[in-house]
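Data first, discussion second: the structure below is written as structure tokens.
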Amino acid sequence: MSLIKNTDKYSIGKKWKSFTYALSGLRAFAREEHNLWLYVGGVLGSLVLGFIFNISHHEWLVQSVVTTLICSAELMNTAIENVVDLVSSDFHPLAKNAKDVASAAVLITALGGLVIFLLIYGPRFLAFVL
């Protein structure tokens, strides 16, 4: 792989091909990852709650960014796990560490999302219950 910058002219065809690779990655993720349905449920649930509680523009923005970060972290985790599995068929402590750290990144992102969820919806739930 060359470290020299690609000087090819802009090509819509090349950009389209890159886009189709990304869609292929999403299809692979949907096919291989059981957690996808948890994310889809979480996104749909947060959309419904956002409309029910009429959250502000800024809260929609924060909710959208957090949702994107959580899904992106899970995609990166999946990519790292696939690469580690490809290069290390036997158990190796570094391979385990790489997979564990990638999973920890997803956990931290999801916990941050939970905090944001509680900050946005916690007071609304309390007001609704009380």
Side-chain angles (χ1 to χ4, degrees):
M1 179 179 207
S2 174
L3 296 178
I4 299 172
K5 184 177 178 184
N6 186 356
T7 58
D8 291 346
K9 297 271 186 207
Y10 176 82
S11 163
I12 291 176
K14 287 181 182 180
K15 296 301 175 194
W16 177 254
K17 199 169 208 175
S18 294
F19 182 72
T20 61
Y21 293 149
L23 290 177
S24 177
L26 284 175
R27 280 193 300 275
F29 180 73
R31 199 173 45 251
E32 297 170 11
E33 291 300 317
H34 65 279
N35 286 343
L36 173 69
W37 298 110
L38 294 174
Y39 295 115
V40 169
V43 168
L44 293 176
S46 64
L47 286 173
V48 168
L49 288 173
F51 286 115
I52 289 172
F53 287 113
N54 194 27
I55 63 176
S56 73
H57 173 76
H58 289 90
E59 290 168 326
W60 276 113
L61 178 66
V62 170
Q63 180 172 290
S64 299
V65 169
V66 168
T67 300
T68 301
L69 288 173
I70 293 169
C71 290
S72 295
E74 185 61 50
L75 286 163
M76 292 301 295
N77 177 50
T78 300
I80 290 168
E81 287 180 350
N82 286 339
V83 169
V84 168
D85 289 345
L86 175 67
V87 299
S88 180
S89 59
D90 296 328
F91 176 81
H92 192 283
L94 289 176
K96 179 186 181 319
N97 189 44
K99 291 171 96 171
D100 290 350
V101 169
S103 293
V106 175
L107 177 63
I108 288 171
T109 308
L111 289 174
L114 178 62
V115 169
I116 297 297
F117 179 87
L118 292 173
L119 289 171
I120 292 173
Y121 295 108
R124 290 172 169 90
F125 282 124
L126 286 175
F128 182 75
V129 172
L130 299 178

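Heads up: numbering here begins at 1 and tracks the sequence.
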Testing the basics here: between [X] and [Y], what is the closest heavy-atom pair and its distance to 0.1 Å?
X	Y	answer
I70	G113	CD1-CA, 4.0 Å
A98	I80	O-CG2, 4.1 Å
D85	K99	OD1-NZ, 2.6 Å
T20	K17	OG1-O, 2.7 Å
C71	Y39	SG-CB, 4.2 Å

To the nearest 0.5 Å, tell me how far [X] [atom1] sits from [Y] [atom2].
X	Y	atom1	atom2	answer
E74	L36	CD	CG	9.0 Å
F125	F117	CZ	CZ	5.0 Å
L75	L26	CG	CG	6.0 Å
L119	L114	CG	CG	9.5 Å
F19	I12	CZ	CD1	14.0 Å

A quick test of your reading: do over 12 heavy atoms of other residues, nucleotides or ligands sit less than 6.0 Å from CG of L126? yes

Residue F91 excluded, over 12 heavy atoms near CZ under 6.0 Å: yes

Partners meeting side-chain hydrogen bond (donor to acceptor under 3.5 Å, both in side chains) with S56 (sequence neighbours left out): E59

Between W60 and F51, does the ring centroid distance fall short of 6.0 Å? yes

Using the rule side-chain contact (heavy atoms from CB on, under 4.5 Å), only one of V101, V106, T109 pairs with N77; which is it? V106

Ring geometry between F128 and F53 (parallel below 30°, tilted from 30 to 60°, perpendicular above 60°): perpendicular

Show your reasoning for whether side chain to side chain contact (heavy atoms under 4.5 Å, CB included) applies to V84 and H92. CA-CA 10 Å; V84 168; H92 192 283; over 6 Å; no

Return the set of residues passing ring-ring contact (aromatic ring centres under 6.0 Å, His included) with F29 (not counting sequence neighbours), or none when no residue passes. none

In the structure I gave you, are the side-chain heavy atoms of [X] and [Y] within less than 4.5 Å of one another anywhere?
X	Y	answer
L49	R124	no
L86	N82	no
I116	Q63	no

Check for a donor-acceptor pair, side chain of Y121 on one end and backbone N or O of S46 on the other, with a separation under 3.5 Å. yes

Can you hop from [X] to [Y] via hydrophobic side chains spaced under 4.5 Å?
X	Y	answer
L47	I55	yes
V62	I52	yes
L69	L111	no

